[in-house]
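Excluded from the calculations below are hydrogen atoms, water molecules and symmetry mates; all remaining heavy atoms, backbone and side chain alike, are included. By convention in this document, chain letters (A, B, ...) are assigned in the order of the sequence lines, proteins followed by strands, and residues within each chain are numbered from 1. Note that this is a predicted model, so its numbers are computed, not measured.
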2 protein chains.
Amino acid sequence: MSTAKVTAQRKIGSRRAEIQDAAATLFARQGYSGTGMEQIAAAVGLVPASLYNHWPSKQAILAEIIVTYEVETLEAFNRAIRDKLTAGDALYAAATTRLSYLLRHGRQAAITDREKLLLDAESLTRVHGLQNAHFTGLRALVEQGQRQGEFDQDTDSLFATVALLEMGTRLATSFLHQAEYPSWGEVSGAGTVLQMSDGEVLANMDEASAQYATMALRMVSHHPA
Amino acid sequence: MSTAKVTAQRKIGSRRAEIQDAAATLFARQGYSGTGMEQIAAAVGLVPASLYNHWPSKQAILAEIIVTYEVETLEAFNRAIRDKLTAGDALYAAATTRLSYLLRHGRQAAITDREKLLLDAESLTRVHGLQNAHFTGLRALVEQGQRQGEFDQDTDSLFATVALLEMGTRLATSFLHQAEYPSWGEVSGAGTVLQMSDGEVLANMDEASAQYATMALRMVSHHPA
DNA sequence: CCTACCGATCGGTAGG
DNA sequence: CCTACCGATCGGTAGG
């Protein structure tokens, strides 16, 4: 497959987005510091200097990837829990929505996870604010379920919230590194059929999300009233 | 062997370890590519060229950090499950042992997670073999528990195994980035009192390990026969 | 969007 | 363990 053909298939006039997408793939695979502007340029068929017509710096590409990812993550969470009648329903919706989003943005999740400390102070403050809002919202949900008797009272809500969030991040980013678990991507008994190619999930995200949400409810010992 | 020579060898030996320890701190914080030999040298009060009296290359430091971490992780797992009478007991022991080890080696866990793909082919093959042995052993434990009726039959063992492993890794490496969750490190209700300083856990690992193991058992719906 | 090029920094070596 | 230094590569700029 020629680079020219792939480039031609993309929308003309979205060079900026094309560069960001190529950067995301490379950052996820090699890390930010391990990726040069020359590699990004080569991936989109340009010479390094031309990238600066679309982006002011390498840092700016990183910052937009991370901030966009965190903004969308928080929006997805708030949308998911809206109008849910019980804590169990809200947690289930938050979990399925989160894993579904994560599986479709595995590169961005991995980059945020690894490189966010390299951001400038302003962007980092914003990212921490977004992450804190997400964390606080999820923790409030856990504690609400505990007060209402739906979730186990003895669970430490701080610990459970961290575990829920981190388990999701890791499950999703794991798909970027299939080699780690050779059987990963196989057809598996309960329907976690997941095939990755160039950072994209091709099949059966819904089943994986349901499995994740079920485990999330088990972790807080959900027992519907 | 003269006393002077032994002393000299000890000095060299401790320098080697001192350099590796400083590198681990920097790699965990800034990434492998983001850390220069000059920074490592400065951290131990040397000039960059002097590092090459103790290590042949920057890559060699990375490789030893990762391989040692994986070897010890597998050993700890095999020791933990030895002689346990039920799958539930074995899973509980594996979980507490794992989190305890991870909390004491958060930097190495984070580095392995992020940088292992940068290893030379030989080291990477070895690391993948060690990880696969750990993964296979844990999955076998889950399936044994399912066959014996201790764990829920409907859980996908592949998915559950990945989730268990990744949740542990993330919980531990999260402590390296306290800023992420401002309340992290506080005194928390159920005893997850964890204070970090320079990558070291100072208090109450046992309670955190127990919380983690309890969640692990819940994830597979453990119900003692 | 290109050619040409900059100063800074990289991992690593020579020699004592 | 140091001083001195290497070629390669880095992110970014000037000018057209």
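If you take CG of B:Leu51 and P of D:dC1, they are 10 Å apart, rounded to a whole angstrom. Rounded to whole Å, the distance from CD1 on B:Ile61 to P on C:dG11 is 10 Å. Rounded to an integer number of Å, the gap from OH of A:Tyr52 to C1' of D:dG11 is 4 Å. Separating the CD atom of B:Glu18 from the C1' atom of D:dC1 is a distance of 14 Å, rounded to the nearest angstrom. One can place OH of A:Tyr32 at 11 Å from C1' of D:dC10, the figure rounded to the nearest angstrom.
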side-chain contact (heavy atoms from CB on, under 4.5 Å) between B:Met167 and A:Leu171: does it pass, once the steps are laid out?
CA-CA 9 Å; B:Met167 181 175 69; A:Leu171 276 170; over 6 Å; no
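Defined by atom type and a distance below 3.5 Å, a donor-acceptor pair is present between the side-chain atoms of A:Arg107 and A:Thr25. For the residue pair A:Ser100/A:Arg104, the side-chain donor-acceptor check at 3.5 Å is satisfied. Judged by distance alone, the side chains of B:Arg98 and B:Thr169 do bring a donor and an acceptor atom under 3.5 Å apart. Looking only at atom types and distance, the side chain of B:Gln108 has no donor-acceptor partner in the side chain of B:Glu72 under 3.5 Å away.
Nucleotide D:dC5: paired with C:dG12 (Watson-Crick or G-U wobble, both distances less than 3.5 Å).
In B:Glu38, the CD atom is not crowded: 12 or fewer heavy atoms of neighbouring residues, nucleotides or ligands sit closer than 6.0 Å.
Among the nucleotides C:dG11, D:dC1, D:dT13, the one closest to any side-chain atom of B:Lys58 is C:dG11. In this structure, of D:dG11, C:dG11, D:dC2, it is D:dC2 that holds the atom nearest to the side chain of B:Val47. Distances from the side chain of A:His54 to the nucleotides C:dC1, C:dG11, D:dC1 place C:dC1 closest. Residue B:Asn53 places its side chain closer to D:dC1 than to any other of D:dC1, C:dC1, D:dG12. Of the listed nucleotides (C:dA14, C:dC1, D:dT13), C:dA14 has the atom at the smallest distance from the side chain of B:Ala49.
Within residues 37-45 of chain B, the residues having any heavy atom closer than 4.0 Å to DNA chain C are, in order of number, B:Met37, B:Glu38.
Where B:Pro48 and A:Thr35 meet DNA chain D, the nucleotide closest to each residue was compared, and B:Pro48 sits on the side nearer the 5' end.
Salt-bridge formation is detected for the pair A:Asp113/B:Arg170: a Lys NZ or Arg NE/NH1/NH2 atom is positioned less than 4.0 Å from an Asp or Glu carboxylate oxygen.
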